[in-house]
Visitor: 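The structure's right below; bear with me while I get my questions together.
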Amino acid sequence: MSPMRVVKTVHELQAMADLERRAGSRIALVPTMGALHRGHLSLIDIARRHADRVWVSIFVNPSQFDAAGDLEAYPRPLAADLAACRGKGVDAVFVPEAREIYPAGSQTWVNVTELSRPLCGTSRPGHFRGVTTVVAKLLIAAKPHVAVFGEKDFQQLAVIRRMVRDLGLDVEIVGGKTVRESDGLALSSRNQRLDTGARRQARVLSKSLDAAERAVAAEERDSARLLHLVRSEIEKAPRAEIAYVELRDPESLEPAPPRLTGSTLLALAVGFRPNPGATGAPVRLIDNRVLHLPPEEENSP
Ligand code: PAF
């Protein structure tokens, strides 16, 4: 096996992609912002099943952060990330500087207008424009056949799929299942910022999703009642500050009807203050579940 390559420029990565493509190899890209955890490693495993060459990009993308403080505080354990990639047999890691991705005078943006608006887009205007712009640039740089993204960021995945369809990009987008801690908490680099108390309380996210799933299995079809149930579960955690709890169509992200009639996305964002009484911004966690109605009811009135 050849040693893992660490690539810093778009030009070098494009040249590598051309060589691999000419040799008939399939390339899979796993775009990340580093601080790799088991969730990312599972995306690398998925990428391996789809391609001959697995490439990971590590780039903390400034344009998707709403607050400068958040960008500065974002963890950058590059040596550990490279070691993790090596351990997974990754073929190349792309670690560009910001000026490589956003050359001086940069003024080109990719914006998926409607899907970027609800849910996380409401409180983070410009966030998804930053995501789609950087992902488009990474796809242009790596020329992958497949790119893999986590389903935990459900809206991000929907927005990226829309962008790829709208621009006619020749890449398959694959979603990877959310990886969870043993108590159900979805893995996220943000989890490290929770103190012990908040970490314990953060279990309410997955518990509330489980409660909704059980309610749907017990024939609950009323959106308002389901939302109330989920909110009450989350509110059992005294430090949880709900940003949103919403039921939406999993593709269009349009609000679900009052009476649920098909597969429905339940999406949550909940903040936890770093310490009780602290004034700093809460650590915001997201999670989601697609609730599947029993097939015989899919089209019932
Ligand atoms: O999900 C992420 O880590 C980022 O939003 C992504 C897709 C790598 C773009 O910066």
Side-chain angles (χ1 to χ4, degrees), residues 38-39 42-43 46 114-123 128 149-162 173-188 190-191 199-272 284-301:
R38 282 186 291 117
S42 79
L43 301 182
I46 293 171
E114 300 312 311
L115 288 182
S116 297
R117 241 190 265 281
L119 303 173
C120 289
T122 310
S123 57
F128 288 113
F149 299 86
E151 286 175 355
K152 183 178 77 72
D153 296 295
F154 193 96
Q155 185 176 13
Q156 168 171 285
L157 183 55
V159 167
I160 290 169
R161 285 192 201 281
R162 185 73 256 172
I173 302 298
V174 172
K177 294 248 164 300
T178 302
V179 179
R180 296 178 182 278
E181 300 286 5
S182 55
D183 67 356
L185 180 67
L187 293 194
S188 161
R190 290 174 182 231
N191 295 354
R199 167 65 189 82
R200 204 174 313 116
Q201 293 189 22
R203 288 185 294 194
V204 290
L205 275 88
S206 65
K207 283 186 160 192
S208 69
L209 297 175
D210 293 343
E213 203 160 38
R214 281 195 301 274
V216 165
E219 320 243 314
E220 179 59 271
R221 298 290 178 267
D222 184 87
S223 330
R225 275 204 304 264
L226 201 57
L227 289 172
H228 178 73
L229 171 80
V230 173
R231 284 184 160 268
S232 324
E233 279 296 322
I234 297 173
E235 281 160 3
K236 285 181 185 164
R239 283 170 63 189
E241 296 173 13
I242 295 177
Y244 63 74
V245 174
E246 295 200 31
L247 290 163
R248 298 216 161 224
D249 179 276
E251 275 214 15
S252 68
L253 302 185
E254 289 290 327
R259 190 170 166 76
L260 303 175
T261 55
S263 293
T264 302
L265 169 70
L266 170 57
L268 320 173
V270 180
F272 291 88
R284 196 169 128 129
L285 305 180
I286 56 172
D287 205 345
N288 68 78
R289 180 103 20 115
V290 177
L291 303 169
H292 296 287
L293 302 188
E296 67 273 15
E297 287 192 29
E298 287 266 337
N299 296 312
S300 67

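What's counted below: heavy atoms across the whole structure, side chains too, no hydrogens, waters or symmetry copies.
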Visitor: Apply the test side-chain contact (heavy atoms from CB on, under 4.5 Å) to residues Arg225 and Leu229: give CA-CA distance (whole Å), side-chain angles for both, the deciding distance (0.1 Å), then the verdict.
Guide: CA-CA 6 Å; Arg225 275 204 304 264; Leu229 171 80; over 6 Å; no
Visitor: Can you name the nearest heavy-atom pair linking Gly175 to Leu157, along with the distance?
Guide: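 The pair with the smallest heavy-atom distance is CA-CD2, 3.9 Å.
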Visitor: To the nearest 0.5 Å, tell me how far Gln201 CD sits from Lys236 NZ.
Guide: 13.0 Å
Visitor: Please say which of Leu226, Val230, Leu265 ends up in a side-chain contact (heavy atoms from CB on, under 4.5 Å) with Leu247.
Guide: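 Output: one option passes, namely Leu226.
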Visitor: Could you tell me which non-hydrogen atom of Val290 sits nearest to which non-hydrogen atom of Ser263, and how far apart they are?
Guide: CG1-CB, 4.1 Å
Visitor: Under the side chain to side chain contact (heavy atoms under 4.5 Å, CB included) test, which residues partner Val270, sequence neighbours left out?
Guide: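 For Val270, the residues satisfying side chain to side chain contact (heavy atoms under 4.5 Å, CB included) (neighbours in sequence not counted) are Leu205, Ile234, Ala240, Phe272.
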Visitor: Measuring from Leu268:CG to Arg231:CZ, what's the distance to the nearest 0.5 Å?
Guide: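 Answer rounded to 0.5 Å: 10.0 Å.
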Visitor: Report the C-alpha distance between Leu266 and Glu213 in whole Å, list the side-chain angles of each, state the deciding distance to 0.1 Å, and finish with yes or no for side-chain contact (heavy atoms from CB on, under 4.5 Å).
Guide: CA-CA 10 Å; Leu266 170 57; Glu213 203 160 38; over 6 Å; no
Visitor: Per the salt bridge (charged side-chain N to carboxylate O under 4.0 Å, His left out) rule, what does the pair list look like for residues 202-211, sequence neighbours excluded?
Guide: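 Residue pairs with at least one partner in residues 202-211: Asp210-Arg289.
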Visitor: Looking at Leu119 and Tyr244, what are the two nearest heavy atoms and their distance?
Guide: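 Reported closest heavy-atom pair: C-CE2, 3.4 Å.
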Visitor: CD1 of Ile286 to NZ of Lys152: how many Å apart, nearest 0.5 Å?
Guide: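 If we round to the nearest 0.5 Å, Ile286:CD1 and Lys152:NZ are 4.0 Å apart.
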Visitor: Taking atom CD of Glu151 and atom CG of Asn288, what is their separation to the nearest 0.5 Å?
Guide: 8.0 Å
Visitor: To the nearest 0.5 Å, what is the distance between CD (Gln155) and CZ (Phe128)?
Guide: 3.5 Å
Visitor: Are there more than 12 heavy atoms of other residues, nucleotides or ligands under 6.0 Å from atom CD of Glu241?
Guide: yes
Visitor: Which pair of heavy atoms, one from Ala158 and one from Leu253, lies closest together, and at what distance?
Guide: CB-CD1, 4.4 Å
Visitor: Identify the two heavy atoms, one from Ala256 and one from Thr264, that lie closest to each other, and give their separation to 0.1 Å.
Guide: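 Here Ala256 and Thr264 meet closest at CB-CG2, 3.9 Å.
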Visitor: Nearest heavy-atom pair of Ser123 and Arg284: which atoms, and what distance?
Guide: OG-NH1, 3.0 Å
Visitor: What side-chain hydrogen bond (donor to acceptor under 3.5 Å, both in side chains) pairs are there with at least one residue in residues 175-184, not counting sequence neighbours?
Guide: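 Non-adjacent pairs meeting side-chain hydrogen bond (donor to acceptor under 3.5 Å, both in side chains): Arg38-Glu181, Arg180-Asp287, Asp183-Arg199.
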Visitor: Nearest 0.5 Å, what's the CD-OG distance between Glu233 and Ser206?
Guide: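 So the gap between those two atoms works out to 10.5 Å.
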